[in-house]
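Notes follow once the structure below has been shown.
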Amino acid sequence: MSNNLVEIRNLTKTFTAQETTVTALEEINLDIEEGSFVSIIGGSGCGKSTMLRIIGGLETEYQGDVRFDGKPIVGPSREKGFIFQDHRLLPWLSVKENIRFSLPQELKKDDDLIQHNLELVGLRGFEQALPKQLSGGMAQRVAIARALANKPQILLLDEPFGALDAITKVHLQEQMLRIWKQEKITMVIVTHDIDEAVYLGQKVVVMTPRPGRIKRIQTIDLGTPRRRTGSVFTRVRDEIYREFFEETPVPFVPSI
């Protein structure tokens, strides 16, 4: 029996605007195993966010077959949680009420569930704070807690740390790894940061420029605990850099 939570076969996605057709994704084939952490990396416009939206059920018009837990994806659901670059908190609600607002009716009164997820992201004591009273990193942690409170099977992260400073980004990357291990949830992150992709992912999917195709799938084993230093990290990072920035020889022009 397959351990794949997501199965993508021959996925092609085109957009049409003003009689112009653009192919965003072309012939994508990818398996995402249950409980794994997968990084999808590529430049702007390569279709990586579109692929995430298709997995999440936010885009339903495409060619090919995309299945979640063995069933065709027909739309968004609680089993698929999203975290975007923008935290999208409601500014008039407290941290606690922002999380409660996102919950289905049967879970809205479950204060223990809300508290558990706030503690999971290190925000105990900030339950009554308003979004304007939080730093960017803290607001994004609320967004993570909000997504986790719905108990999804998969968490889809669309460049969630792209707007944060370098130090805050590192702290949240560490936190996501801890949550992934503790909650045993499948995670897929879309990023243009090669170091982030290598550090977080057990598998890194490298995309080509438009039309987005899978150029390479790199399996990564950084050991436990994962480190940003060492020969394995450096080798894999450098290999992926070369995939993006293949050097072309510069012709010699003699001085006159």
Evaluate the criterion side chain to side chain contact (heavy atoms under 4.5 Å, CB included) for residue pair Arg210 and Thr23; output intermediate values, then yes/no.
CA-CA 7 Å; Arg210 185 183 302 145; Thr23 301; 5.8 Å; no

Pick one: which of [options] meets side-chain contact (heavy atoms from CB on, under 4.5 Å) with [X]?
{"X": "Gln63", "options": "Leu25, Asn10, Thr14", "answer": "Thr14"}
{"X": "Val142", "options": "Leu123, Val121, Asn117", "answer": "Leu123"}
{"X": "Asn98", "options": "Leu130, Ile114, Leu90", "answer": "Leu90"}

Tell me, do [X] and [Y] make a side-chain contact under 4.5 Å, heavy atoms counted?
{"X": "Met207", "Y": "Ile28", "answer": "yes"}
{"X": "Tyr241", "Y": "Asp195", "answer": "yes"}
{"X": "Lys169", "Y": "Asp193", "answer": "yes"}
{"X": "Thr60", "Y": "Val74", "answer": "no"}
{"X": "Ile179", "Y": "Leu120", "answer": "yes"}

Please enumerate all residues that pass salt bridge (Lys or Arg N to Asp or Glu O under 4.0 Å) together with [X], with sequence neighbours excluded.
{"X": "Glu127", "result": "none"}
{"X": "Arg226", "result": "none"}
{"X": "Glu97", "result": "Arg100"}

Report whether [X] and [Y] are members of the same hydrophobic cluster (ILVMFWY, side-chain heavy atoms less than 4.5 Å apart, transitive linking).
{"X": "Val6", "Y": "Val38", "value": "yes"}
{"X": "Leu157", "Y": "Ile220", "value": "yes"}
{"X": "Phe84", "Y": "Val188", "value": "yes"}
{"X": "Ile144", "Y": "Leu107", "value": "yes"}
{"X": "Leu172", "Y": "Leu118", "value": "yes"}

Are the side chain of [X] and the backbone N or O of [Y] linked by a donor-acceptor pair below 3.5 Å?
{"X": "Ser102", "Y": "Ile99", "value": "yes"}
{"X": "Gln140", "Y": "Phe161", "value": "no"}
{"X": "Thr16", "Y": "Thr21", "value": "no"}
{"X": "Lys132", "Y": "Trp92", "value": "no"}
{"X": "Thr191", "Y": "Ile194", "value": "no"}

Strictly below 4.0 Å, N to O, side chains only: are [X] and [Y] in salt-bridge contact?
{"X": "Arg9", "Y": "Asp31", "value": "yes"}
{"X": "Glu33", "Y": "Lys203", "value": "no"}
{"X": "Arg178", "Y": "Glu174", "value": "no"}
{"X": "Arg213", "Y": "Glu26", "value": "yes"}

If you compare all heavy atoms of [X] against all heavy atoms of [Y], which two are closest, and at what distance to 0.1 Å?
{"X": "Gly81", "Y": "Pro152", "value": "N-CB, 3.6 Å"}
{"X": "Ile185", "Y": "Leu155", "value": "CD1-CB, 4.1 Å"}
{"X": "Glu79", "Y": "Ser77", "value": "OE1-OG, 2.9 Å"}

Crowded around [X] [atom1]? As in, over 12 foreign heavy atoms under 6.0 Å?
{"X": "Glu106", "atom1": "CD", "value": "yes"}
{"X": "Tyr62", "atom1": "OH", "value": "yes"}
{"X": "Arg78", "atom1": "CZ", "value": "yes"}

Selection residues 143-155 - residue pairs positive for side-chain hydrogen bond (donor to acceptor under 3.5 Å, both in side chains), sequence neighbours left out
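Passing the test, one end in residues 143-155: no pairs.
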
Qualifying ring-ring contact (aromatic ring centres under 6.0 Å, His included) pairs, either residue in residues 27-54, two or more places apart
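ring-ring contact (aromatic ring centres under 6.0 Å, His included) check on residues 27-54 returns Phe37-Trp180.
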
Once you round to the nearest 0.5 Å, how far does [atom1] of [X] lie from [atom2] of [Y]?
{"X": "Arg124", "Y": "Glu119", "atom1": "CZ", "atom2": "CD", "value": "5.0 Å"}
{"X": "Thr186", "Y": "Asn3", "atom1": "OG1", "atom2": "CG", "value": "10.5 Å"}
{"X": "Lys80", "Y": "Arg53", "atom1": "NZ", "atom2": "CZ", "value": "13.5 Å"}
{"X": "Ile32", "Y": "Glu34", "atom1": "CD1", "atom2": "CD", "value": "12.0 Å"}
{"X": "Asp238", "Y": "Arg242", "atom1": "CG", "atom2": "CZ", "value": "6.0 Å"}
{"X": "Ile55", "Y": "Ile40", "atom1": "CD1", "atom2": "CD1", "value": "5.0 Å"}

Tell me, with the steps shown, if Lys48 and Val205 meet side chain to side chain contact (heavy atoms under 4.5 Å, CB included).
CA-CA 10 Å; Lys48 56 188 185 297; Val205 179; over 6 Å; no

How would you list, by chain and number, every residue that makes a side-chain contact (heavy atoms from CB on, under 4.5 Å) with Pro91, sequence neighbours excluded?
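Listed in chain order: nothing, the list is empty.
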
Is it the case that Lys108 places NZ or CZ above or below the six-membered ring of Phe101, under 6.0 angstrom from the centre and within 45 degrees of the axis?
yes

Given the ring of Phe15, does Lys13 sit roughly above its face, with NZ or CZ under 6.0 Å from the centre of the six-membered ring and within 45° of the axis?
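Flagged: Lys13 positioned over aromatic ring of Phe15.
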
Would you sort out whether Glu196 and Ile41 count as a side chain to side chain contact (heavy atoms under 4.5 Å, CB included), showing the intermediate values?
CA-CA 9 Å; Glu196 179 173 81; Ile41 187 167; over 6 Å; no

Decide yes or no on side chain to side chain contact (heavy atoms under 4.5 Å, CB included) for Ile189 and Met176, but give the supporting numbers first.
CA-CA 11 Å; Ile189 185 169; Met176 289 311 303; over 6 Å; no

